[in-house]
Number of protein chains: 2
Amino acid sequence: MRSAQGGAHEMGGRHISGAERLVVLQRLGKITQDMLERAFSHTRGSADFVNITIEAVPREIVKPVRLLPTRTVDVLDFTAGRAAAKSELLSIGVSNQAVERGMEQLVKLTDSMRGAMLVCAKTGERLDNTGMRGIRVSRMDSNDEDVLNQWMECQGLQGIHAREGMILATKVVSAPGVIAELCWSDDPEYVTGYVASVKGYIRFTKLKPYGSSLGGRVFFIRENSNVAELCKYLEKQPVLVTVPTEGEDL
Amino acid sequence: MRSAQGGAHEMGGRHISGAERLVVLQRLGKITQDMLERAFSHTRGSADFVNITIEAVPREIVKPVRLLPTRTVDVLDFTAGRAAAKSELLSIGVSNQAVERGMEQLVKLTDSMRGAMLVCAKTGERLDNTGMRGIRVSRMDSNDEDVLNQWMECQGLQGIHAREGMILATKVVSAPGVIAELCWSDDPEYVTGYVASVKGYIRFTKLKPYGSSLGGRVFFIRENSNVAELCKYLEKQPVLVTVPTEGEDL
């Protein structure tokens, strides 16, 4: 689902919200209703254009991926949060130049994008050529919503942003060539952001000022990665994120 | 809503079904669910691609149009039905050549189209250049579904095909330059078709062989009509069809 205000995205409308699910046919109706409700009552504004695309996915091509371990870092303000996020990215192997340039590209956005920017983890150069559209990660979900909800509750996590962020980041980190993701939301009321990598999904309680509707995602990509293959994986490979059951170690 | 099998229409998928509604926001969720159910259980096959586009329409630009009067002509078989439909078209002012060529283009279809063919009512020449896509009539509905259902019951009419046909034909006939519409369904189980014009919505109980999944629409257009304006009206002008209330003359 993607929604916009002032007409369709391709007609110059402003992006309001998007959502991606991977569900069994029986749940399609309910999920679609929920998406519509969300599109028409978003904190970024009410949509006047909504597009929903549904594609059948053969079960045998769905890839199971284990949910990333999660940790929350409390920070005083978004300046402290961004500094901590930078440290985290450096510790994962993203170069200082790439961290600076990647974050700069996110900070300098004048409006939100539907998708993510792909940035070289060494040079910080933008690698995709999709401009303000970005690469949209699609076809992922949790394999069991109830188990995920329980697990989140145990972790003290709640809300659709955390849920969607973890699912998306888990798929992104499983993609060939991705070293890390940096993200903060375009929802003006949601200031928590994260850095994700094989080390885990690290939340920072403040990565942007309250009230800002500018947010986005940067994926830091290993040098000399096959960008076309990577985009295909992000956009098309169905992924179901498996949630650790009670007692099982992450 | 449009649905296809074997991928999206634009990727070569086969058109399965389509539906157009114009409803208040509160009914959006329910209507969308119904559309999805239909897409996944159509007599033409089950879709594996569905696209739903929702656009806000300002109430003040919605045009009310009176439902066409309706009559049903019983025919023995589809040969007799097509002969009767031809007579009806001639009586409205479509030329013999245009009737023959228009019907030929419908009969010769090798698969169904999402939209209609625009054909000159004098020469029978195809006027739109949309090939197998056709011109899709959109943004129309009845102004009161309950009243329409009651009215249909009084007329001995039932089912989604009759309902959708009458609404669509009423909008089509109200369009600038349209003289008549000829239609039979691509639903293999539905053999009734119609000719619509200012004279009314004339149903013929058989216009194609049972089991055929080939159907479509031909709009007969007055010579020298502004085709671009006409297409804009058919695709974009919101129309709510008003249903005569009890005692009111059609």
Side-chain angles (χ1 to χ4, degrees), chain A residues 1-42 44-62 114 136 138-139 232 235-238, chain B residues 1-42 44-62 114 136 138-139 232 235-238:
Chain A
M1 184 276 287
R2 60 188 170 99
S3 75
Q5 196 176 55
H9 297 86
E10 49 273 35
M11 302 299 281
R14 175 174 170 260
H15 180 65
I16 292 290
S17 67
E20 309 282 343
R21 300 298 303 261
L22 183 63
V23 299
V24 292
L25 186 57
Q26 292 71 29
R27 296 190 58 214
L28 203 55
K30 173 71 172 68
I31 297 277
T32 307
Q33 277 218 21
D34 291 349
M35 281 188 179
L36 286 178
E37 262 170 45
R38 198 171 158 207
F40 287 105
S41 61
H42 202 274
R44 284 172 54 76
S46 181
D48 54 27
F49 169 88
V50 181
N51 189 280
I52 298 174
T53 301
I54 298 155
E55 289 167 290
V57 167
R59 203 178 278 265
E60 57 273 20
I61 68 164
V62 176
R114 271 162 62 199
R136 178 100 193 155
S138 188
R139 302 191 173 187
K232 196 176 152 197
E235 293 176 332
K236 299 286 184 192
Q237 172 64 48
Chain B
M1 183 279 288
R2 61 189 168 97
S3 75
Q5 197 175 55
H9 296 86
E10 49 274 35
M11 301 300 282
R14 175 174 170 259
H15 180 63
I16 291 291
S17 67
E20 308 283 343
R21 300 297 303 260
L22 183 63
V23 298
V24 293
L25 186 57
Q26 291 71 29
R27 295 189 60 216
L28 202 56
K30 173 73 171 68
I31 297 277
T32 307
Q33 278 219 19
D34 291 350
M35 280 189 179
L36 285 178
E37 262 171 45
R38 198 169 158 210
F40 287 106
S41 60
H42 202 273
R44 284 172 54 74
S46 180
D48 54 26
F49 169 89
V50 180
N51 189 281
I52 298 173
T53 301
I54 298 155
E55 288 166 291
V57 167
R59 202 177 280 265
E60 57 272 19
I61 69 165
V62 176
R114 269 161 64 196
R136 178 100 194 157
S138 188
R139 301 188 174 192
K232 196 176 154 198
E235 292 176 333
K236 300 286 183 191
Q237 172 63 50

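Letters A, B, ... are given to chains in the order of the sequence lines, protein chains preceding strands, and every chain is numbered from 1.
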Visitor: Which residues satisfy the side-chain hydrogen bond (donor to acceptor under 3.5 Å, both in side chains) test with B/Glu10, sequence neighbours excluded?
Guide: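 Checked B/Glu10 against side-chain hydrogen bond (donor to acceptor under 3.5 Å, both in side chains); matches are B/Arg2.
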Visitor: How would you list, in number order, the residues of residues 19-31 of chain A that have a heavy atom less than 4.5 Å from chain B?
Guide: A/Leu25, A/Leu28, A/Gly29, A/Lys30
Visitor: If you check every heavy atom in residues 45-54 of chain B against those of chain A, which residues fall under 4.5 Å?
Guide: B/Asp48, B/Phe49, B/Val50, B/Asn51, B/Ile52, B/Thr53, B/Ile54
Visitor: List in chain and number order the residues that pass side chain to side chain contact (heavy atoms under 4.5 Å, CB included) with B/Glu37, two or more places apart in sequence or in another chain; answer none if no residue qualifies.
Guide: B/Gln33
